[in-house]
Colleague: 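Take a look at this one; I'll ask things after.
Both ligands and their constituent atoms are indexed starting at 1 by order of listing. The structure presented is a predicted model; accordingly, all values stated were derived computationally and were not measured.
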Amino acid sequence: MKTRSFLHPALALLFASGCLFAQVTALKVGHLVDPETGTSSANQVILIENGKFTSIGPNVAIPSGASVVDLSSYYVSPGLVDAHNHLALTYKEEPEHNSYYLTTVMDSTAIRAIQAVSNGMTMMSAGFTMERDLGNNGNYADTALRVAIEQGWVPGPTIINSGLIIGTFGGQFSPVPEREMLIEPEYLNADTHDEIIKAIRRNILYGAKVIKICVDCKSYGYSVEDMKLFVAEAAKSGLKVAGHVQTKAGAMRAIEAGIWSIEHSIGLDDETHKLMAEKGIWRVGTETPFTSYHTNTPGAKERFDKQTEGMKNAYAHHVKMAFSTDADYYIPGMDRGQVVIDFLKSWQAAQIPNAEILKIMTINGYKVCDMYEKRGPIKAGLPADLIAVKGNPLEDIDTLRDVRFVMKDGTFFKKDGVMVPAQFFHSGPVPPSAWRIH
Ligand SMILES: [Zn+2]
């Protein structure tokens, strides 16, 4: 059979050398927001080439032939981060009465992976260019989502995914003995030290970029020694350990073991906050707002008030805090991105200053994702991700509710308030097999 040539050899050479007329994009920015310092600079020019920022400043010359985009009436900020979500899980009132245990029986991993793509795009539309995805994603639907985005098949945020949640026997589930098999693949049972090592390696092999564990989902949760093993074994592959914590005792053990992040704030108080600040442990609080669509839960207001006090206490103690939602459910009339951005209400209720909220949603997000050096800040040499809004988020954080432009890797995903995903759909690997890095 004759071999078909797809590319003229001269063109192939140019592609290989990476110098095929790289298009420069120039953004004329009205106000460039720096969440790190809480300041903004007027009349900036941003140059982007090969998906990366190359020059940023007030007097940057725009090269001839550059594609110029006028953002002079906008505030441009780095993209937002949700540090705790589950894009391949959507539980709902119908038919499963919001019981995700039932969702895991009714929805296949394949259908959840496709749903995750849709959820990821709505997150991007809401301005979230990075997301930590912490389990409850069937049989590695989260890895499938990450790979699809990294390969350039679909648009979506940069995903830091955990694979299966590793827990002591049963995970967060309480199955009957006849249905023990329902624990996996939602959770990976690991009780002994050998099982813990095997579970971590299994997750890494199947594409995890962070290790998520159930610290105290059962009375026989993980000990300090167990968690030290988690931290050490994950570190061999450069991964951090995020722990679901729901009791103070669990929080104290996780802190002693030196875990990277504590997920949820229910087990945290003044004492744990002080220790977390001392040890630099991330607080990924997942604080649900008090809204018209959440008020039907019994005790919601009391929980919200307690949660608000907890946020104020953590902020006063200078605990490292991350914007995080755990928003893995369907609210009629809202997409995933809209549900997530509405969590601003929790931060506003805790009276965290606007500029601090923006820093928490951006800089702190890149840091808890362990990506700060690689992606996130608007800085020459880093991938070109950014958003543009009409007002100054340093003064009015609610302006983030109407993100008008979203750029990821130098390509606009949203322009003038409308999603424009066409350029993100490739059929082949871009770059070739980049995700196979174990
Ligand atoms: Zn969660």
Side-chain angles (χ1 to χ4, degrees), residues 81-92 96 98-104 107 109 112 115-116 119-120 123 128 130-143 145-146 157 159-168 170-174 183-188 203 208-218 221-222 230 240-247 250-251 254 259-268 281-289 294 297 303 307 310-311 321-331 336-337 339-343 346 365 368-369:
V81 183
D82 182 353
H84 185 130
N85 206 307
H86 308 271
L87 293 185
L89 174 66
T90 304
Y91 58 84
K92 48 216 172 289
E96 68 260 47
N98 285 322
S99 164
Y100 80 97
Y101 184 47
L102 198 51
T103 316
T104 67
D107 291 355
T109 296
R112 290 168 68 179
Q115 191 168 31
N119 284 337
M123 292 286 286
F128 291 85
M130 192 179 292
E131 185 252 359
R132 232 173 31 141
D133 214 292
L134 295 180
N136 292 129
N137 287 318
N139 212 359
Y140 299 100
D142 55 342
T143 297
L145 172 68
R146 178 176 63 71
I159 304 285
I160 315 299
N161 67 302
S162 74
L164 308 194
I165 299 171
I166 304 173
T168 49
Q172 284 176 276
F173 281 176
S174 303
I183 299 166
E184 293 192 22
E186 224 54 40
Y187 297 90
L188 209 44
N203 267 348
K209 297 299 173 190
V210 59
I211 297 299
K212 165 83 178 292
I213 68 172
C214 254
V215 171
D216 53 3
C217 298
K218 296 282 179 278
Y222 287 126
F230 268 108
K240 308 295 187 195
V241 179
H244 168 106
V245 171
Q246 59 194 46
T247 64
I259 206 165
W260 175 255
S261 64
I262 289 183
E263 310 298 314
H264 315 298
S265 57
I266 191 169
L268 304 179
I281 293 171
W282 284 99
R283 182 187 190 276
V284 184
T286 66
E287 296 88 358
T288 306
H294 279 302
T297 323
R303 244 194 331 270
Q307 165 189 293
M311 291 174 86
M321 298 168 84
F323 183 87
S324 49
T325 67
D326 207 12
D328 48 8
Y329 39 80
Y330 173 61
I331 302 291
R336 181 63 59 92
V339 173
V340 165
I341 197 65
D342 210 26
F343 276 63
S346 298
V368 75
C369 288

Colleague: So how many protein N, O or S atoms does the Zn ion (ligand 1) have within less than 2.8 Å?
Modeller: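 Protein N, O or S neighbours of the Zn ion (ligand 1) under 2.8 Å, waters not counted, come to 3.
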
Colleague: Partners of Ser174 by side chain to side chain donor-acceptor pair (under 3.5 Å), sequence neighbours excluded?
Modeller: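 Once residues adjacent in sequence are excluded, Ser174 has no partner under the side chain to side chain donor-acceptor pair (under 3.5 Å) criterion.
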
Colleague: We want to know whether Tyr222 and Asp216 form a side-chain donor-acceptor pair, criterion being a heavy-atom distance below 3.5 angstrom.
Modeller: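 No, no side-chain donor-acceptor contact under 3.5 Å.
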
Colleague: Look at the aromatic rings of Trp282 and Trp260 and report parallel, tilted or perpendicular, splitting at 30° and 60°.
Modeller: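 Because their plane-to-plane angle lies in the 30° to 60° range, the rings of Trp282 and Trp260 count as tilted.
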
Colleague: In terms of ring plane angle, is the pair Phe128 and Phe323 parallel, tilted or perpendicular, where the classes change at 30° and 60°?
Modeller: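 Rings of Phe128 and Phe323: parallel, under 30°.
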
Colleague: Please name all residues satisfying ring pair (Phe, Tyr, Trp, His ring centres under 6.0 Å) with His244, sequence neighbours left out, ordered by chain then number.
Modeller: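 Ring pair (Phe, Tyr, Trp, His ring centres under 6.0 Å) list for His244, sorted by chain: His264.
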
Colleague: In chain order, what residues pass the side chain to side chain donor-acceptor pair (under 3.5 Å) check against Glu184, with sequence neighbours excluded?
Modeller: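 By the side chain to side chain donor-acceptor pair (under 3.5 Å) rule, Glu184 matches no residue at all.
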
